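Before any comments, here is the structure.
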Amino acid sequence: MRNQEVAALLSRMALLLEANGESRFKSAAYQKAARVVGGLADDVEGLARAGGLRELPGIGEGIAKNVEEYLATGRVEYLDRLERGVPEGAVALMAVPGIGPKTAFRLARDHGIRSVEVLRKELDSGGLRDALGKGASDRIRAEIETLQAGLGRVLLPEAEALAQDMVSYARSSGCTLEVAGSLRRGRETVGDIDLLSLDGRALEILGGYGNVARTLERGSRKGSYVLHNGLRVDLLVAERGGHGAAMMHFTGSREHNVAMRSLALGKGLRLNEYGLYEGGVRVAGETEEGVFSELGLQYIPPELREGRGEVEAAKDGHIPELVKGKDVRGDLQMHSRWSDGTAEIEAMATAAMEMGYEYVAITDHSFSARLAHGLSEERFKEQWKEVDGLNDRLAPFRVLKGVEAEVGGDGGLDFGREFLDEFDLVGVSMHQGYGQSAEKLTERAVRALSHPSVDYMCHPTNRLIGTRRGHMLDLRRVIAAARDSGVMLEIDAQPNRLDLDDVWSRKAAEEGVGMFIDSDAHSVDQLENVRFGVLTARRAWLEKKHVANTRGLKSLLRMLAR
DNA sequence: GCCGTTTTCGGCCCGACTGTTTTCAGTCG
């Protein structure tokens, strides 16, 4: 799939258009197209071949032609022309927050600054003061420091912990903060923390918080701060009557806000962060529910606010009843000390009982996962005796005999069919073969999924967010294979996996593939990670009926028997 | 460049913050 490559191309064109002084709307159109392609589940190349690019929202004749040219030749003539219109290095400078096209252009053309590194050196030695002014020089220098410290996006649990700490700190000063932004939408990674308060004192209070390294700016309604780890925090102060509108504005996403405001305009209304207005009169704004309702929309849960068709769905009454944490009745992937877990099976099972589950599956690795101390047939048979004993004592709670079976280089599994059928539940995983071609990997996956003993596929791409890209599988074929053989796909809820992700999980469910949400816990405390999987499922528009481990034990066993 | 329950032309989400700005441009979310 070349979707990300094409998205990057369109983003670059958007930047260059801006730098060339073209209409900002034209640049925004390219930016929107980049986001559309980047968030596409379908393969953009296949779509282009089928002549379907122009069907995509935000992609018309002009952009489609550029994309087609790029896919066919690897170049875009228009892009080359844009590059020639911009001084060398200007685009690189625009990576620094606070440097837009105008400033970048000026620095590159008039002062010969070609890179962020050179800019930093120049600023360090006191240069460019006359060109930028003192205030801007200082701020840009600070922004470069943050940029070069290199903290990108952080994982959801880390951002959650940082936000909670700020909320507690503010509360100890008698001030309430609420979490908004991508953190509230449950995105897998968070690039900054957005907070909302009804109390103007919050702006000053947060500036005095020990983990704040620097206040970037502070007005009467908004403030921006940088934490010691380099993460940015934005704070918005709302008034009571506009609380819901402010929450909505600050929760985003940007694409969602654009869709909401366009809809309001179409109804002769105006929506901003203070409320929904008809003429000069505020007709809603105190609550989010009120704003949605006044616009004739169903309530849209934060997880769906990504500009992926949710506003249209809300208009038609098609917002689904999303799966909830309490719907999950059991956890079907976890490990014990028998392989690479740290806890006894009993400890995992009793912790799961306390969480209100009816069942778990212990799914230790099969023998060719050597690093994870995978088990042989003999060892599994020993393990089952322990499981049988536990089931006698813990009934009606049930520990299912599972396995995370390694998929071999040719798509075969470690055990024969006869032995595999003795398990209650067989999952397959592809931990090996990073060097293989997409074609080969996909063949392996499809073969494993068509094995008659297999019930589900664990963390299908095997990605690790921020560190490992994951297998370049053709997920459309994997989903089709899962559908054809009645095999489930998993949302692995480890916060650095979340695999399948929201976009592909939605696709899988639309194709009629059943999903599991599992913790993949290797210790007792990791069982709680399931909630991150539930968030991903909600972002994938999944309902209870799409998630097979929301079934009770009997219903689950009936399903597995089929 | 895209798009249409106002429009195939004329709009495009909307407002806050900073600086050296005395009325607004640049940038951002």
Side-chain angles (χ1 to χ4, degrees), chain A residues 10 13-36 53-67 78 82 93-107 129-140 142-143 180-182 190-196 203 215-225 232-238 242 245-246 248-277 291 295-296 307 311-312 315:
Chain A
L10 294 171
M13 292 185 76
L15 274 180
L16 286 165
L17 285 163
E18 230 181 312
N20 271 286
E22 294 271 355
S23 144
R24 66 196 168 93
F25 299 110
K26 185 167 172 179
S27 168
Y30 273 83
Q31 239 156 35
K32 178 177 180 192
R35 281 193 300 268
V36 167
L53 283 180
R54 291 159 186 78
E55 311 287 313
L56 294 173
I59 296 188
E61 191 51 38
I63 292 179
K65 275 210 169 106
N66 286 324
V67 171
Y78 184 39
L82 289 172
L93 298 180
M94 287 167 65
V96 179
I99 299 185
K102 297 287 196 304
T103 312
F105 207 106
R106 204 153 50 85
L107 286 171
R129 279 285 160 95
D130 294 337
L132 290 169
K134 177 174 176 346
S137 301
D138 288 348
R139 170 156 181 184
I140 287 172
E143 291 284 10
S182 52
V190 170
D192 62 10
I193 294 178
D194 294 310
L195 299 171
L196 181 74
L203 289 161
T215 298
L216 282 176
E217 57 192 33
R218 197 177 92 195
S220 61
R221 311 202 56 92
K222 282 181 181 174
S224 291
Y225 314 83
R232 183 177 163 132
V233 178
D234 291 316
L235 173 65
L236 177 68
V237 174
M248 203 172 231
H249 165 76
F250 223 35
T251 297
S253 66
R254 184 177 307 224
E255 293 74 34
H256 172 81
N257 287 348
V258 168
M260 289 289 291
R261 287 169 182 188
S262 302
L263 179 81
L265 277 180
K267 293 178 179 286
L269 304 169
R270 191 167 53 91
L271 177 62
N272 60 30
E273 63 199 83
Y274 301 106
L276 182 67
Y277 293 85
V291 176
L295 285 169
V311 175
E312 295 75 6
K315 216 184 310 182

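None of the values given here were measured: they were computed from a predicted structure. In what follows, chains are A, B, ... by sequence order, proteins preceding strands, each numbered from 1.
A distance-only check finds no donor-acceptor pair linking the side chain of A:Asp130 to the backbone of A:Gly133 [under 3.5 Å]. Formation of a donor-acceptor pair under 3.5 Å by the A:Ser27 side chain with backbone atoms of A:Ala14 is found in this model. Looking at A:Arg106, its side chain does come within 3.5 Å of a backbone N or O of A:Ala131 through a donor-acceptor pair. Looking only at distances, a side-chain donor or acceptor of A:Arg221 sits under 3.5 Å from a matching main-chain atom of A:Val237.
Using a 4.0 Å heavy-atom cutoff across all strands shown, A:Ser27 reaches no nucleic acid atom at all. Within 4.0 Å (heavy atoms only), A:Leu271 reaches sugar-phosphate atoms of the nucleic acid but no base atom. Residue contacts shown for A:Glu22 are absent, as no nucleic acid heavy atom lies under 4.0 Å away. Heavy atoms of A:Leu236 sit nowhere under 4.0 angstrom from any nucleic acid atom. Using a 4.0 Å heavy-atom criterion, one finds that A:Arg232 contacts the sugar-phosphate atoms exclusively. Using a 4.0 Å heavy-atom cutoff across all strands shown, A:Thr103 reaches sugar-phosphate atoms only and no base atom. As judged by a 4.0 angstrom heavy-atom cut-off over every strand, A:Asn272 is placed among residues touching the sugar-phosphate backbone only. Within the nucleic acid shown, A:Val96 comes within 4.0 Å of sugar-phosphate atoms alone, with no base atom in reach, counting heavy atoms only.
Taking atom CD of A:Glu55 as the reference point, atom P of B:dC3 lies 11 Å away to the nearest angstrom. The separation between A:Leu216 atom CG and B:dT18 atom P is 10 Å, rounded to whole Å. Rounded to an integer number of Å, the gap from A:Leu263 CG to B:dG4 C1' is 14 Å. The interatomic distance linking A:Asp138 (CG) with B:dG19 (P) rounds to 9 Å, in whole Å. If you measure from atom CG of A:Leu276 to atom P of B:dG15, you get 12 Å, rounded to the nearest angstrom. B:dC2 atom C1' lies 16 Å from atom CG of A:Leu265, rounded to whole Å. The distance from atom CZ of A:Arg218 to atom C1' of B:dC17 is 13 Å, rounded to the nearest whole Å. When rounded to the nearest whole Å, the span between CZ of A:Arg129 and P of B:dT20 equals 11 Å.
For A:Lys26, the side-chain atoms get nearest to B:dG1 when compared with the rest of B:dG1, B:dA16, B:dC28. Here the nucleotide nearest the side chain of A:Tyr30, chosen from B:dT18, B:dG1, B:dC14, is B:dG1. Of all nucleotides listed (B:dA16, B:dC13, B:dC28), B:dA16 comes nearest to the side chain of A:Tyr274. Counting only heavy atoms from C-beta on, A:Arg221 has its side chain closest to B:dA16 among B:dA16, B:dG1, B:dC13. For A:Val258, counting side-chain heavy atoms from C-beta on, the closest listed nucleotide (B:dG15, B:dG1, B:dC13) is B:dC13. In the set B:dG15, B:dG29, B:dC2, the nucleotide with an atom closest to the side chain of A:Ala29 is B:dC2. Nearest nucleotide to the side chain of A:Asp194, out of B:dG26, B:dA16, B:dG29: B:dG29. In the set B:dC28, B:dG15, B:dC17, the nucleotide with an atom closest to the side chain of A:Arg270 is B:dG15. Residue A:Glu217 has its side chain nearest to B:dT18 when only B:dC13, B:dT18, B:dG26 are considered.
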Under the side chain to side chain contact (heavy atoms under 4.5 Å, CB included) rule, what do A:Val67 and A:Ile59 come out as? Steps first, then yes or no, please. CA-CA 10 Å; A:Val67 171; A:Ile59 296 188; 5.7 Å; no

Checklist entry - Would A:Gln31 and A:Glu18 satisfy side chain to side chain contact (heavy atoms under 4.5 Å, CB included), going step by step from the backbone distance to the final call? => result CA-CA 11 Å; A:Gln31 239 156 35; A:Glu18 230 181 312; 4.3 Å; yes

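To the nearest whole angstrom, the two C1' atoms, one in B:dC12 and one in B:dT7, are 13 Å apart. The same atom, C1', is picked in B:dT21 and in B:dA16; the two are 15 Å apart, to the nearest Å. Straight-line distance between the C1' atoms of B:dT23 and B:dT18: roughly 15 Å, to the nearest whole Å. To the nearest whole angstrom, the two P atoms, one in B:dT6 and one in B:dG1, are 27 Å apart. For B:dT20 and B:dA25, the C1' atoms lie 13 Å apart once the distance is rounded to whole Å. To the nearest whole angstrom, the two P atoms, one in B:dT5 and one in B:dC13, are 16 Å apart.
In this structure, B:dT8 forms no base pair with any nucleotide, since neither Watson-Crick nor G-U wobble geometry is met with both distances under 3.5 Å.
Using a 4.0 Å cut-off between charged nitrogen and carboxylate oxygen, A:Arg232 and A:Asp194 do not count as a salt-bridge pair.
Dense packing is recorded around CZ of A:Arg54, with more than 12 heavy atoms of other residues, nucleotides or ligands lying under 6.0 Å away.
Each of A:Arg139 and A:Gly98 was assigned the nucleotide of DNA chain B with the nearest heavy atom; the assignment lying further toward the 5' end belongs to A:Arg139. Sequence order on DNA chain B of the closest nucleotides to A:Gly266 and A:Leu132 puts A:Gly266 first from the 5' end.
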